[in-house]
Q: 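This is the structure I want to talk about, given as structure tokens.
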Amino acid sequence: MGRVIGTGVLAAVAVVALAGCGSSHRDSLPALGSPAVAPSVIAVPVTDSAALAALLLGTADLPSGYTATDDGTAPAGANPADRSHTEPAACANVLSAIWQQVPGSTAHAAAHFETPAFDSVDIDIASYPGNGAADAFAAVQRLVHGCTSYSGTDADGTAVRYRIGGLSQPPIADASASFQVVTTSSGMSLYSAATVAVTGSAVVQVAVTSPNKVDPGTLQDLTAKQIRRLLGVPGP
């Protein structure tokens, strides 16, 4: 199973707080827009996860300083004490990989990248049969709209607060939706900006996280590159 992006962000908050390099500002967030609707297009689902993985962006496609990381799976035998919880519980799935949020994919893949300054890029993709891509896209948006403010604790029991707001990004692919998440713990914050898009039978999520506010242009560029890669369209 691939790394749960939301869990990765939670762990990063703890590290950033210890390093003292997160933001301590508290800003209001714009409201989420109306949910986007994907067209009911029946596309042939992808059944080869390795083929999907080969279509994801790599380090050469990202800004300088990023290196690929593993999927975050705990090594065999590792069973550290974990006191993390989220309220409401369903909101723990925000920013998780699409196939973890919406089971039933025929293939899936993910790629994760980080910098020494605690910036990260997480990309995941899942292909669904029938009208599953549109249904998954709708389900992801329902979750985001139902979790605009929630809280919980990390693995050590430290309190964490989450806020979700809208994010202006140009429409892309068959349909797309963007949002931002501010994760705050011990007075320090991490900022995430994400776009979820549908193309054919696949739903792809591109998320950028940083101790500083994410430049919307960075997310826009990465999402455009990823969609071009999926469509086989040449481009930078």
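Source: prediction; values computed, not measured.
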Q: Using a 4.5 Å cut-off on heavy atoms from C-beta on, say whether the side chain of P211 contacts that of M188.
A: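 Answer no - side chains too far apart.
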
Q: Does the Q205 side chain pair with the main chain of D124, one donor and one acceptor, at a distance under 3.5 Å?
A: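 No.
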
Q: Within the side chain of T158, is there an N or O that forms a donor-acceptor pair under 3.5 Å with the backbone of D154?
A: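 Here the side-chain-to-backbone pair does not exist.
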
Q: Measuring only between side-chain heavy atoms, which start at C-beta, is Y128 closer than 4.5 Å to V102?
A: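 Touching, per the 4.5 Å side-chain cut-off.
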
Q: Heavy atoms, side chains only, cut-off 4.5 Å: are V94 and L143 in contact?
A: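 A side-chain contact under 4.5 Å exists here.
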
Q: Say whether, by atom type as modelled, one donor and one acceptor occur between the side chain of K225 and the main chain of L57 under 3.5 angstrom.
A: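 Not confirmed, K225 side chain does not pair with L57 backbone.
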
Q: If we only count heavy atoms from C-beta on, is the L29 to Q180 side-chain gap below 4.5 Å?
A: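 L29 vs Q180: side chains touch.
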
Q: Would you sort out whether D174 and F137 count as a side-chain contact (heavy atoms from CB on, under 4.5 Å), showing the intermediate values?
A: CA-CA 11 Å; D174 296 337; F137 181 62; over 6 Å; no

Q: If you look at every heavy atom in A133 and S201, which pair is closest and at what distance?
A: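 Looking at all heavy atoms of both residues, the shortest contact is CB-O, 3.5 Å.
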
Q: For H108 and S49, does a side-chain donor sit closer than 3.5 Å to a side-chain acceptor?
A: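 There is no such pair between these side chains.
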
Q: Please report the closest heavy-atom contact between P63 and L222, naming both atoms and the distance.
A: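 Closest approach of P63 to L222: CD-CD2, 4.4 Å.
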
Q: Any donor-acceptor pair under 3.5 Å linking the side chain of E114 with the backbone of V121?
A: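 It does not hold such a pair.
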
Q: Under a single-linkage definition using a 4.5 Å side-chain heavy-atom cutoff for Ile, Leu, Val, Met, Phe, Trp and Tyr, are V198 and V37 assigned to the same hydrophobic cluster?
A: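 Each belongs to a different hydrophobic cluster.
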
Q: Rounded at 0.5 Å granularity, tell me how far OG1 in T67 sits from CZ in F113.
A: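 Answer for the OG1-CZ pair, T67 versus F113, is 9.5 Å.
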
Q: Is a donor from one side chain sitting under 3.5 angstrom from an acceptor on the other, for T47 and T106?
A: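 Short answer, no.
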
Q: Among T184, T183, N212, exactly one meets side chain to side chain donor-acceptor pair (under 3.5 Å) together with S189. Which residue is that?
A: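 Answer after filtering T184, T183, N212: T184.
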
Q: Might you point out which heavy atoms bring C91 and G146 nearest each other, and give the distance in Å?
A: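 Here C91 and G146 meet closest at SG-O, 4.2 Å.
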
Q: Starting at SG of C147, measure out to CZ of R142 and round the result to the nearest 0.5 Å.
A: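 Those atoms lie 12.5 Å apart.
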
Q: Can you tell me how far CG of D61 sits from CZ of R228, rounded to the nearest 0.5 angstrom?
A: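 These two atoms lie 9.5 Å from each other.
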
Q: Quick one: closest heavy-atom pair of S192 and T209, and the distance?
A: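 S192 and T209 have their closest heavy atoms at OG-OG1, 2.8 Å.
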
Q: Can you name the nearest heavy-atom pair linking I172 to S176, along with the distance?
A: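 Distance-wise, the nearest heavy atoms are N-OG, 3.1 Å.
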
Q: If I compare all heavy atoms of Q141 with all of P35, which pair ends up nearest, and what's the gap?
A: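 Heavy atoms only, the tightest pair is OE1-CA, 3.3 Å.
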
Q: Run the side-chain contact (heavy atoms from CB on, under 4.5 Å) test on F179 and L95 for me, step by step, so that the C-alpha distance in whole Å, both residues' side-chain angles and the decisive distance to 0.1 Å come before the verdict.
A: CA-CA 10 Å; F179 60 96; L95 287 179; 4.0 Å; yes

Q: Sort out for me which residue in V46, L230, L55, I98 forms a side chain to side chain contact (heavy atoms under 4.5 Å, CB included) with I125.
A: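 Only one option passes, and that is L230.
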
Q: Closer than 3.5 angstrom, by distance alone: can the side chain of D221 be matched with the main-chain N or O of T218 as a donor-acceptor pair?
A: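 Pair absent, no side-chain N/O of D221 close to backbone of T218.
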
Q: To the nearest 0.5 Å, tell me how far I227 CD1 sits from L231 CG.
A: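 These two atoms lie 6.5 Å from each other.
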
Q: Should V233 and L56 be regarded as members of a common hydrophobic cluster, given that ILVMFWY residues are connected when their side-chain heavy atoms come within less than 4.5 Å of each other, either directly or indirectly?
A: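 Yes; tracing contacts between hydrophobic side chains, which count when under 4.5 Å, links both residues.
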
Q: Examine distances only and state if a side-chain atom of S185 and a backbone atom of A159 form a donor-acceptor pair shorter than 3.5 Å.
A: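 Pair found, side chain donor or acceptor close to backbone of A159.
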
Q: Whether the side chain of Q169 engages the backbone of P216 through a donor-acceptor N/O pair (distance < 3.5 Å, no angle test) should be reported.
A: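 Yes, Q169 side chain to P216 backbone: donor-acceptor pair under 3.5 Å.
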
Q: How many angstroms lie between atom CZ of R229 and atom OG1 of T199, to the nearest 0.5 angstrom?
A: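 These two atoms lie 14.0 Å from each other.
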
Q: So, taking the atom named CG in L32 and the one named CD1 in I164, what distance separates them when rounded to the nearest 0.5 Å?
A: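 One gets 7.0 Å once the value is rounded to the nearest 0.5 Å.
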
